[in-house]
Every structure is written in C-alpha cells, then in structure tokens.
Amino acid sequence: MPSAFATNMRFKFSILAIFLEVLIIILFGIFVRYENNQPIQKDKLLLYPFFQDVHVMIFVGFGFLMTFLKKYGFSSVGINMLIAALGLQWGTLMQGFWHMKEQKINIGIESMINADFSTATVLISFGALLGKTSPVQMLIMTILEITIFSCNEHLVVNVLRATDTGASMTIHAFGAYFGLAAARVLYRPGLKEGHKNEESAYHSDMFAMIGTLFLWLFWPSFNSAIAHPDLQQRAIINTYFSMAACTLTAFALSSLVEHRGKLDMVHIQNATLAGGVAVGSCADMSIYPFGAMLIGSIAGVISVIGFKFLTPFFSSKLKIHDTCGVHNLHGLPGLLGGLASIIAAVAHVKWRETVSPSAPMQAAALGCTIGIALVGGAFAGLVLNLPFLGQAPDENCYDDSVYWEVGYNRGVIRPSGSAAFIAFY
C-alpha cells in the first residue's frame, strides 16, 4: 500500500472519528438524561439480562460471523466494533428524538436495547459491503443508515401501528436491502471475476462458526427483549422452536443441493439463523410452536436456495455483489417474516390477548420498509462513492493490511517495555 494513501487515511479517519464523538458528547449534554430520578422499578432491571444477550450478539455474534474471509479477520471484528460503538450512541439520539419529553431524551435499559437494535441494521448492511469499503466510509454509512432507520421505525411502529417485535421487517429486511442498494451503487466491475482474497480458510470458517453459535444461542432474547412482559415467554418459545426447525432443514437442504451431498459451511454458518429472522414479526403472536417451526423450516429452505442460486445471479446479472450473503440470511427471511405477520393478521391470530394486528398495516409496513431501505441505501451508496473517502483499489480489497498493522506486513518484532517507550517517541 502506498505510504501517501496510508497517511491520507490516517488523518481522514482520525479527524472524522474524533469530530463525530465530540458532536455526540455535545448532543448528549444538551438532550440526554437518565430515565427518572426516582428509584428504578425492579421490573426495569429484569431487562438487563436481555440487554446483555443482545449486546453479545452485536459485538461478538455479528463480528465473528463475518470473519470467514481468510485475510479480513481484523477488519471483520474490528470495524464491526467501531460501527457498533458509534451506532449505539447515534441510535440513542435518533430514536430518542422521536420520544422526547420536555425537550429531553430519557434513557434506560430499554432504550439501550433499542440502540443496539439500530446498530444491527448497519452491521447487516456492512455484510453486503464487507471487504470493499474503508473505515471512513463505514463511519459515514453508520450515521446515514441509523438516521433513516429511525425514521422508518417511527413510521412502522408509531404511525402504521404494525407489530414487528423481533424486527423481521424494520431491522433485518431494512438492513439487507439498504446494504444491497448501496452495494449496487458501489459495484466494482474489476471484482466481477472474483478476487484472490475473497475466499475462506479452514481456520477462518471456524472463527465464523463461533459467531453463528453466539447468535443462535441468544436469538430468543433478541426477539423477546422489547416484547410486552406478558408475551416475552411466548416470543422466546416461538423463536426457540423456529430456529431448531430451521437448523435441521438448512442441514438437509445443504446436503441436497451440494455436489456429492456434502455440507457447505456457508449454509451452516448463515441459513441456520434464518429461522430467528423469519419468526421475528410473529414472535409474540399466538402462532403456536408448530406455526413457528413451519416458519423456521421455510426460512431454512429459502436461505440455502438463496446462497446456492440467487447470490451468483445477483452478482452476474444485477451487478450486486453481496459479500456475506445478507440477502439470504436477512433479506429473504425478513420478507418471509413480514408475509407471515400479514397471514397471521388475516387469520386473526392474536398479538395482545384481545388484539389482532391489522393485515393492511402489516403489508404497508413491509412495503414502506423495503422502499425506504432501497432509496436510502442508494443515496448512501452515492455518498460513499465520493472519491475522497479513501476507498481502497480493487487489488487491495479483502485484505487487512490496507488498514491494519498485521504480522505479515510488519516484518519486525513489536518492541516491549522501555524499548517500546523509546520507539514511540
């Protein structure tokens, strides 16, 4: 990598990151306050374990899931952490502005969970762009996407009054189609025939499987964290059985569609999670365990088929290069989740004990979410495509050494103790 490029990126990234943090601190000082000054009710503290689970999913699950590229592990985990740290702060502000009381944003554990949710949308989109964008671009996309996401969430939840407790539509479908639209605008013809670093190794796939397992184990918390307390157990049960059914189906389909009947680790890392995505919108509805298992099974099927057939089609025909296959894990299952909620509404499946969701509002929520995601993602892609944002050339894609100090490009032993102190100066 040319030294001039490295120096240029050093100042762009550092200045932007510090500027954003200073801006956020000022906005927090003006608007953000604790939820109240009274003793916190114990039922509020009961949300903390849910917050912990979601937090682990954001920082560990998503981060390690994207480490499958053999030379992009530092960036997958590191930039994931960077996005999440910025996103949870910006998400607190953007979501809080819609619920201000006396011109102040009151925060508690539930708002912290929602801030993590807003961050999840960017991490999903990041998967579509993985290996092809700079840290500067990802900081900017985080700000843009969470701003647009919070507007869409307000529209779906507060205006249309749709139910989307596990956020199949507002997080998963939104994040996937936002990322795909951005990827289309940022399409690189030079990568059409593939790249030597765009492949996995045995150890990198094992690291990615760690992310899968963390996400799989904690997904019931993701789908139930903001559900009404009376419905949290139902959401947990529905997610639990949906994911179990999805996993069995994903394994079966992977063997069925692959040459010689062998399992494909790409399918196992991703399609086994699709059941958690797809059941999200219906998680707290009375769909019964068999209904949840049916949704999960269908999600496993469409996810594997998407990886096998749609991903190559998108890349070759539509010029949408989706590095992680977020369309198959989040996009298609998110659509399925939205459709399942519409069917449940038509069938008058109860949401709260005496209330059934409105089918037209569920359909409107799904349509608006996809439309806003596509337009917003295309706009973000145009912004990220500005030449001064430090996008690496094609030959440097999927390589940590462009933005990180790594063992294979350092060439020296890192000094320690007094030697390190002297070397620093």
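Keep in mind it's a predicted model, so treat the numbers as computed, not measured.
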T369 versus N152, side-chain donor and acceptor atoms under 3.5 Å: yes

Evaluation steps, side-chain contact (heavy atoms from CB on, under 4.5 Å), between D116 and H55: CA-CA 7 Å; D116 272 359; H55 217 44; 2.6 Å; yes

Mutual orientation of the aromatic rings belonging to F62 and H330 [parallel < 30°, tilted 30-60°, perpendicular > 60°]: parallel

Worked check of side-chain hydrogen bond (donor to acceptor under 3.5 Å, both in side chains) between D264 and S254: CA-CA 6 Å; D264 189 328; S254 180; 5.8 Å; no

F214 and F218 aromatic ring geometry - parallel, tilted or perpendicular at 30°/60° bounds: tilted

Any donor-acceptor N/O pair, T239 side chain to G276 backbone, under 3.5 Å: no

Over 12 non-hydrogen atoms of neighbours within 6.0 angstrom of NZ in K350: no

Step-by-step ring pair (Phe, Tyr, Trp, His ring centres under 6.0 Å) determination, H321 to F314: CA-CA 7 Å; H321 186 266; F314 272 43; over 10 Å; no

Trace of the ring pair (Phe, Tyr, Trp, His ring centres under 6.0 Å) decision for F31 with F97: CA-CA 9 Å; F31 296 107; F97 284 141; 5.3 Å; yes

Non-hydrogen side-chain atoms of I124 and F174 separated by less than 4.5 Å: no

Contact check, side chains of M169 and Q362, non-hydrogen atoms, under 4.5 Å: yes

Aromatic plane relationship, F222 with F117 - under 30° parallel, 30 to 60° tilted, over 60° perpendicular: tilted

Any side-chain heavy-atom pair of W98 and C151 under 4.5 Å: yes

Intermediate values then yes/no, side-chain contact (heavy atoms from CB on, under 4.5 Å), F149 and M94: CA-CA 9 Å; F149 159 80; M94 291 299 101; over 6 Å; no

Side chains of S303 and N328, donor plus acceptor under 3.5 Å: no

